[in-house]
Amino acid sequence: MNAEAGPAAKRWSNRLTAAARARSAGKARADSVPEVRLIDFRRPWVLSLLGGFFGVDRFYLRRPVSGVIKLLTLGGAGFWWAADVLALALGSAVDGGGHPLAGRRSHRAAALVASLVVILTAFTLASGPALTLLRAGGGSAMTALSSVLPTKEPPPRWTAVAVLAGGPGRPAPEPFTLTGGAARIQYTLDGPGFIYLLAEGTGGVPEGEEPLISKLEAGSGTYTRRVDPGEWTLMVLPAGTRWSATIDSLTGGSIE
């Protein structure tokens, strides 16, 4: 019996030893896994609320790259700051290792209400100066733009100052007064002729004076030119050409 029981007992002993070793190895592996302690959300939430414009919360959560970017952009002009504050309160934020943050539901609800109040207050207070700057900047931009872009000049306004006629059998035309700095002459020639606009008292066409209008055949038309205010007269050569003209003075607007 003892001889027969010896091998069986030995086999059972070997199995028990192997099972004990397996349990010991499993326990050793379990003991080697480090325990992860989740960060409570309240501290990074307070840091984000008070210093989120400078990326303090991101540095605390071991996320330095995004912390530097957040610092350089001043919390993404406030929008990134608001998004991080809400993410921490709602429980969707993680630390640098990708672990969620711990926190009670009641604490998160209180943090969410406080976050909404602070964010709405901050954006309301910031909207006033921002709108003022926007209006001032818009006015300055329009002023600068209007100084660069060509402006449409108002159309000229004319007032008739004289109706003249000359030629064989007609008296010499009377002088007329121009006050607006420009004259418009609407003329009709019965034949070839040269029309001169001369200052009153000239007495004749000065040597080298260019005619205002030159026509080699009969015709009519309109001519506009800038002139100094004062007394003027119209002379047509040759004297045998019959002609008529209406003289208008500029009283408003401008001419090119």
Side-chain angles (χ1 to χ4, degrees), residues 73-74 76-79 123-256:
T73 60
L74 289 179
F79 294 99
F123 277 96
T124 301
L125 294 176
S127 62
L131 290 176
T132 302
L133 290 174
L134 186 60
R135 293 192 188 101
S140 301
M142 290 302 295
T143 303
L145 190 62
S146 62
S147 64
V148 174
L149 295 178
T151 56
K152 185 178 180 181
E153 298 290 343
R157 297 190 301 273
W158 301 95
T159 299
V161 297
V163 178
L164 307 174
R170 294 179 177 178
E174 296 290 332
F176 51 88
T177 302
L178 296 174
T179 60
R184 183 177 66 178
I185 304 172
Q186 302 178 68
Y187 65 91
T188 299
L189 293 172
D190 290 346
F194 304 93
I195 300 177
Y196 295 87
L197 182 64
L198 305 174
E200 171 62 12
T202 302
V205 179
E207 184 178 356
E209 180 75 12
E210 293 291 334
L212 187 68
I213 301 167
S214 300
K215 298 290 291 186
L216 299 180
E217 58 184 6
S220 61
T222 301
Y223 186 86
T224 302
R225 66 167 292 176
R226 298 183 183 275
V227 295
D228 295 328
E231 294 289 324
W232 296 85
T233 185
L234 210 63
M235 181 176 288
V236 178
L237 296 177
T241 300
R242 298 177 66 88
W243 60 272
S244 63
T246 300
I247 312 299
D248 300 328
S249 179
L250 182 68
T251 56
S254 61
I255 62 173
E256 295 182 359

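Note that the numbering runs from 1 along the sequence shown for the chain.
Residues T177 and E231 bring a donor and an acceptor atom of their side chains to less than 3.5 Å of each other.
When all heavy atoms of A183 and W158 are compared, the closest pair comes out as C-CZ3, 3.8 Å. Among all heavy-atom pairs drawn from L164 and P173, the shortest one is CD2-CB, 4.2 Å. Taking both residues in full, the closest heavy atoms of T222 and Y187 are given as N-CE2, 3.9 Å, listed atom of the first, atom of the second, then distance. Of all the heavy atoms in P238 and G193, the pair that sits closest is CD-CA, 4.1 Å. Of all the heavy atoms in G191 and A218, the pair that sits closest is N-CB, 3.7 Å. Contact detail for D248 and A160: the closest heavy-atom pair is OD1-CA, 3.2 Å.
To the nearest 0.5 angstrom, R170 atom CZ is 6.5 Å from S244 atom OG. In this structure, I195 CD1 and W243 CH2 are separated by 7.5 Å, a value rounded to the nearest 0.5 Å. For the atom pair W232 CH2 and T202 OG1, the distance stands at 8.0 Å (nearest 0.5 Å). The NZ atom of K215 sits 10.0 Å away from atom OG1 of T188, with the distance rounded to the nearest 0.5 Å. Separating the CG atom in L250 from the CZ atom in R157 is a distance of 8.5 Å, to the nearest 0.5 Å. Separating the CZ atom in R226 from the CG atom in D228 is a distance of 11.0 Å, to the nearest 0.5 Å.
When each of L197, V163, L178 is paired with I247, the side-chain contact (heavy atoms from CB on, under 4.5 Å) condition holds for L178 and for no other.
In this view, T251 and T159 satisfy the side-chain hydrogen bond (donor to acceptor under 3.5 Å, both in side chains) rule, not counting sequence neighbours. Applying the ring pair (Phe, Tyr, Trp, His ring centres under 6.0 Å) rule to F79 yields the partners F123; only residues at least two apart in sequence or on another chain are considered.
In this structure, the side chains of E209 and Y196 come closer than 4.5 Å at one or more pairs of heavy atoms.
With hydrogens and angles disregarded, no donor-acceptor distance shorter than 3.5 Å links the side chain of R225 to the backbone of A182.
L125 CG: more than 12 foreign heavy atoms inside a 6.0 Å radius.
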